[in-house]
Amino acid sequence: MVDSQHPAPTGKTALAPDVRRLDERAARAWTERMAVRPLGDSRYAVDSQSGATYVVDVAAGTCTCPDHAIRGERCKHLRRVGIEITTRRVPPPGHHRASCAACGIETFVPGDESPPQLCPACRLEPGDVVRDRESDDRLVVARVTDRRAHEVVVEGVEETVADYDTNAGYPRDDLVVEAVYLSDLGRESRRRYSFPLSRLGRVDDTAMVQRSVPPDRSLP
């Protein structure tokens, strides 16, 4: 995991949609050249086009600029921070930039999230129902570990998860996910099995209903 909580500031840029229907402050928030830098918690520094730097607190809804501090207006700096959070140019409050431990892309993760830190596309949570891409079996995620498939030895087989026959087609450095077969949930003893993360796919509610409800044979 590479944490880039305090990246080097980028150059000032303009973000310009069709601003003809926006009020003056909203239009300036989109079109003026500004740079937004997260300061931690819900605070952001905004380097304005004029050369001044102001501090916006998203949670408090405040800005140190005169337009907000003196006139009490929702200034262009507050609006610009909102735009950059929405367009994922800067992390939302309580989050920081990080590289996904599974696929490596840059993502935003909660500041208090324990490793491994994953992007939304790779994230699995304990309790999620997943499908084994090899057998089509359904399982329930017990834990996403921070260990790699080539590091974890399968109990009773004395081979790593990466070397196990049915895992040959998956990356050797995949994170290992511990999961329980859905059919075992009602049993007193629930054995956990280790899988490469990319071998497991999320199952949506519709798929679960279709799988659990048998087809009506009386229908033509």
Side-chain angles (χ1 to χ4, degrees), residues 1-10 13 15 17 30 35-44 56-59 79-152 161-162 167 169-182 185 192-211:
M1 171 61 61
V2 178
D3 184 345
S4 50
Q5 186 173 357
H6 301 291
T10 57
T13 58
L15 304 174
W30 278 101
V36 176
R37 295 174 286 116
L39 299 176
D41 297 325
S42 62
R43 298 168 63 249
Y44 298 80
V56 165
D57 188 324
V58 173
R79 296 167 189 248
R80 180 57 172 261
V81 171
I83 291 168
E84 299 223 2
I85 291 173
T86 301
T87 56
R88 296 187 62 81
R89 291 170 59 89
V90 298
H95 291 64
H96 63 267
R97 295 182 189 272
S99 294
C100 174
C103 68
I105 69 166
E106 185 178 84
T107 188
F108 299 145
V109 298
D112 58 354
E113 184 175 85
S114 301
Q117 294 176 324
L118 303 170
C119 70
C122 297
R123 181 173 287 113
L124 292 177
E125 303 284 354
D128 284 350
V129 178
V130 292
R131 178 180 70 88
D132 180 354
R133 301 183 194 278
E134 298 299 315
S135 66
D136 203 40
D137 288 326
R138 268 47 176 181
L139 303 101
V140 178
V141 174
R143 183 169 73 104
V144 179
T145 77
D146 58 0
R147 301 183 67 193
R148 305 289 171 170
H150 63 82
E151 300 173 331
V152 177
V161 173
N167 294 330
Y170 299 95
R172 294 182 60 81
D173 62 349
D174 247 5
L175 292 172
V176 170
V177 177
E178 295 178 357
V180 177
Y181 281 95
L182 198 59
L185 287 183
R192 292 187 181 187
Y193 295 83
S194 296
F195 294 85
L197 185 147
S198 58
R199 178 169 165 168
L200 302 176
R202 288 191 188 90
V203 177
D204 62 28
D205 292 340
T206 302
M208 284 301 298
V209 170
Q210 289 175 342
R211 183 177 176 82

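Counting begins at 1 with the first residue of the sequence.
Contacts of P110 classified as side chain to side chain contact (heavy atoms under 4.5 Å, CB included), with partners at least two apart in sequence or in another chain: H95, D112, E113. Residues satisfying the side chain to side chain donor-acceptor pair (under 3.5 Å) test with R43, not counting sequence neighbours, are none. In this view, P93 and S42, Y44, V58, I85 satisfy the side chain to side chain contact (heavy atoms under 4.5 Å, CB included) rule, not counting sequence neighbours. With sequence neighbours excluded, the residues satisfying ring pair (Phe, Tyr, Trp, His ring centres under 6.0 Å) with Y193 are Y181. Looking at residues two or more places apart in sequence or on another chain, you find a side chain to side chain contact (heavy atoms under 4.5 Å, CB included) between S194 and V152, V161, V176, E178. Looking at residues two or more places apart in sequence or on another chain, you find a side chain to side chain contact (heavy atoms under 4.5 Å, CB included) between D173 and R148, H150, P171.
Heavy atoms from other residues, nucleotides or ligands lying under 6.0 Å from CG of D41 number 12 at most.
Here the closest non-hydrogen pair linking D57 and A59 is OD1-N, 3.1 Å. Minimum interatomic distance between A98 and Q117 (heavy atoms only, all atoms of both residues): CB-OE1, 4.1 Å. Taking both residues in full, the closest heavy atoms of V36 and V90 are given as O-CG1, 3.7 Å, listed atom of the first, atom of the second, then distance.
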query: Please walk me through it: do R138 and V130 pass side chain to side chain contact (heavy atoms under 4.5 Å, CB included)?
result: CA-CA 6 Å; R138 268 47 176 181; V130 292; over 6 Å; no
Check against side chain to side chain contact (heavy atoms under 4.5 Å, CB included), T145 and R143: CA-CA 6 Å; T145 77; R143 183 169 73 104; 3.6 Å; yes
Side chain to side chain contact (heavy atoms under 4.5 Å, CB included) between R147 and L175, intermediate numbers included: CA-CA 6 Å; R147 301 183 67 193; L175 292 172; over 6 Å; no
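Between atom CG of residue L118 and atom SG of residue C100 there is a gap of 5.0 Å, rounded to the nearest 0.5 Å.
No salt bridge links D137 with R131; every basic N to acidic carboxylate O contact stays at or beyond 4.0 Å.
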